[in-house]
Amino acid sequence: MEGPGAGDAGVIRIKNSNRGDSQRGLAMALDGNARWCYLDSRLGAMHAVAEAARNVACAGATPIGGTNCLNFGNPEKPHIMWQFSQVIDGITKACEELEIPITGGNVSFYNETLGEGIYPTPVLGIVGLLEDVHKSVRPDFREAGRAIVLLRATEPGDATDAESEFGSSEYAKEILGALWGYPPALQLEKEAALQKALVEMAQIEILDSAHDCSDGGIAVTLAESGFVKAIGMSVDLMSHGLPPEFVLFGEDASRVIISCDRDKLSAIQQVALKYGIAAELIGETVPERMEIRLDGRPVLSATVSELRDVHEGALERALQEEPSAVAAD
């Protein structure tokens with residue numbers, strides 16, 4: 001019902017010919033962040049499990065099992081074996097806390113070029129169960145005039161923590177060409193509560209959409225949510241005393257952007273309160289234009305179509321770029 005890559009998770013209906021067609025469905029997602037595992041192998045691996053499970057929960061499914069593909073350099077080198085050991089510890093911790101058994105996996109060692117190993121790259125695959133596949137939730141905004149809510153399981157850190165964590169972000173890599181610090185903090189107990197809240201909201205059908213806030217931060221998540229139907233948004237975010245780049249493109253853990261009918265806001269807040277997570281109304285969907293304010297001050301204004309064109313044409317433009325002088329030589 002939802003192809004791979006189209007949403008946070010792929011979704012299929014389970015057919016049962018022996019007892020008639022089932023209404024059950026499966027949601028599946030993959031995740032891994034090599035930069036985070038390079039900076040902190042244990043924490044990065046925990047994030048890989050948590051985000052894959054969160055993507056499944058965003059689709060409305062309860063995570064029930066996982067598999068892995070673990071990729072490393074030469075394990076005969078002590079620091080590579082240490083990375084491997086830390087990744088195993090991180091996966092174990094996250095799976096225990098989120099109650100997700102690992103059903104199998106594989107390990108690939110000796111991934112090196114000219115003696116330089118790759119970043120430690122564990123990739124986690126999580127499968128979740130939907131009791132009624134027709135209640136699955138898509139990641140994209142459905143129509144204008146809907147409330148936009150930020151679900152957050154943890155509070156923002158202070159400026160020092162935010163700066164260190166920002167060094168692991170996609171923005172730091174692509175815009176600043178730098179890598180520093182450590183991955184965002186992750187509280188697995190609160191992450192589990194967020195995922196359970198998402199599943200309950202899906203089951204009682206109070207969500208229009210749910211999209212995990214991860215690579216690129218909240219600005220990218222909002223933009224992606226509008227691409228499919230060219231739905232814009234008017235959003236006002238709080239800075240909490242942080243620089244605009246940290247707020248827009250920081251990658252704090254355990255956050256999800258949802259949209260809903262305004263009449264369902266009360267029900268969403270009740271479920272959030274039940275699980276001890278924050279549900280902050282940050283704006284509404286509007287036709288075709290993306291507007292973001294920070295503490296009431298405009299910081300971003302663009303049409304959804306122009307942002308979508310940039311996003312969807314990135315690979316083609318990269319392939320068409322002029323070869324570098326080194327390549328030409």
Side-chain angles (χ1 to χ4, degrees), residues 1-14 22-33 36 44-69 90-105 122-140 151-154 184 186-215 221 224-225 228 251 253-259 268 271-272 275 277:
M1 295 183 67
E2 184 76 36
D8 285 5
V11 179
I12 60 172
R13 182 169 62 88
I14 301 173
S22 168
Q23 298 302 308
R24 282 184 161 189
L26 292 176
M28 294 155 281
L30 294 172
D31 192 79
N33 189 317
W36 289 5
M46 289 165 56
H47 272 290
V49 177
E51 186 173 344
R54 192 184 316 128
N55 286 334
V56 164
C58 282
T62 300
I64 58 172
T67 186
N68 59 69
C69 176
I91 291 173
T92 300
K93 176 66 173 175
C95 286
E96 288 176 346
E97 292 291 331
L98 299 178
E99 300 181 338
I100 301 172
I102 291 289
T103 62
V123 178
L124 270 293
I126 302 294
V127 174
L129 180 66
L130 287 143
E131 290 298 334
D132 185 347
V133 73
H134 299 97
K135 293 183 179 180
S136 64
V137 181
R138 290 183 53 85
D140 45 279
L151 299 181
R152 176 192 283 273
T154 57
L186 176 63
Q187 299 181 41
L188 289 169
E189 183 178 351
K190 291 184 177 294
E191 173 68 37
L194 172 65
Q195 294 180 19
K196 290 174 182 176
L198 285 164
V199 172
E200 182 166 326
M201 290 175 187
Q203 288 174 344
I204 61 177
E205 300 183 274
I206 56 177
L207 297 178
D208 276 3
S209 67
H211 189 12
D212 169 43
C213 189
S214 54
D215 288 354
T221 302
E224 289 176 341
S225 298
V228 174
E251 297 174 358
S254 308
R255 297 184 301 168
V256 174
I257 291 290
I258 64 172
S259 66
I268 284 172
V271 174
Y275 288 97
I277 63 174

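This one's a predicted model, so the numbers in the text were calculated from it and none came from an experiment.
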Under 3.5 Å, side chain of His47 to main-chain N/O of Ala253, donor-acceptor pair present? no
Which distance, rounded to the nearest 0.5 Å, do you find between the CD1 of Ile268 and the CD1 of Ile206? 4.5 Å
Heavy-atom closest pair, residues Ala61 and Val199: O-CG2, 3.3 Å
Does the side chain of Pro139 reach to within under 4.5 Å of the side chain of Ser209, using non-hydrogen atoms? no
Got a salt bridge between Lys196 and Glu200, using NZ or NE/NH1/NH2 to carboxylate O under 4.0 Å? no
Report yes if the side chains of Leu129 and Leu26 come closer than 4.5 Å at any heavy-atom pair, otherwise no. yes
Between atom CD1 of Ile91 and atom CD of Glu96, what is the distance when rounded to the nearest 0.5 Å? 12.0 Å
Report yes if some heavy atom in the side chain of Ile102 is under 4.5 Å from a heavy atom in the side chain of Leu124; otherwise report no. yes
Side-chain contact test, heavy atoms from C-beta onward, threshold under 4.5 Å: evaluate it for Lys190 versus Ser254 and give yes or no. no
Between Ala27 and Val56, which heavy-atom pair has the shortest distance, and what is it? O-CG2, 3.9 Å
Look up atom CD in Glu251 and atom CH2 in Trp36, then write down how far apart they are to the nearest 0.5 Å. 5.0 Å
With a 4.5 Å heavy-atom cut-off, do Asn68 and Val123 have their side chains touching? no
Can a side-chain donor-acceptor contact be found between Asp140 and His211 if the only test is distance below 3.5 angstrom? no
Working to the nearest 0.5 Å, report the span between CG of Leu188 and NZ of Lys93. 6.5 Å
Exam field: side chain Lys135 to backbone Ala202, donor-acceptor pair closer than 3.5 Å: no
Minimum heavy-atom distance between Ile277 and Ala197, given as atom pair plus value: CD1-CB, 3.7 Å
Determine whether Asn33 and Asp215 make a side-chain contact, defined as any pair of heavy atoms from C-beta on separated by less than 4.5 Å. yes
Side-chain donor-acceptor pair under 3.5 Å between Thr103 and Thr67, yes or no? no
side-chain contact (heavy atoms from CB on, under 4.5 Å) between Arg24 and Arg13, intermediate numbers included: CA-CA 6 Å; Arg24 282 184 161 189; Arg13 182 169 62 88; over 6 Å; no
Between Ile126 and Ala53, the two heavy atoms sitting closest are CG1-N, 3.8 Å
Would you name the heavy atoms of Ala48 and Pro122 that are closest together and state the gap between them? CB-O, 4.2 Å
Applying side-chain contact (heavy atoms from CB on, under 4.5 Å) to Arg138 and Val228, what does each step give before you reach the verdict? CA-CA 11 Å; Arg138 290 183 53 85; Val228 174; 4.2 Å; yes
I want to check something: taking the side chain as every heavy atom from C-beta on, are Ile204 and Val271 in contact at a cut-off of under 4.5 Å? yes
Tested for side chain to side chain contact (heavy atoms under 4.5 Å, CB included) against Glu191, the lone hit among Gln195, Gln187, Glu189 is Gln195
Nearest-0.5 Å distance that lies between atom CD1 in Ile258 and atom CG in Asp208: 9.5 Å
Tell me if a side-chain donor or acceptor on Asp8 pairs with a main-chain N or O of Asp212 at a distance below 3.5 Å. yes
Rounded to the nearest 0.5 angstrom, the SG-CE distance for Cys95 and Met46 is 11.0 Å
Contact check, side chains of Val127 and Pro63, non-hydrogen atoms, under 4.5 Å: no
For Glu99 and Ile64, run side-chain contact (heavy atoms from CB on, under 4.5 Å): C-alpha distance rounded to whole Å, both residues' side-chain angles, the deciding distance at 0.1 Å, then the answer. CA-CA 8 Å; Glu99 300 181 338; Ile64 58 172; over 6 Å; no
Please report the shortest heavy-atom distance between Ala29 and Asn55, naming the atom on each side. CB-CB, 3.7 Å
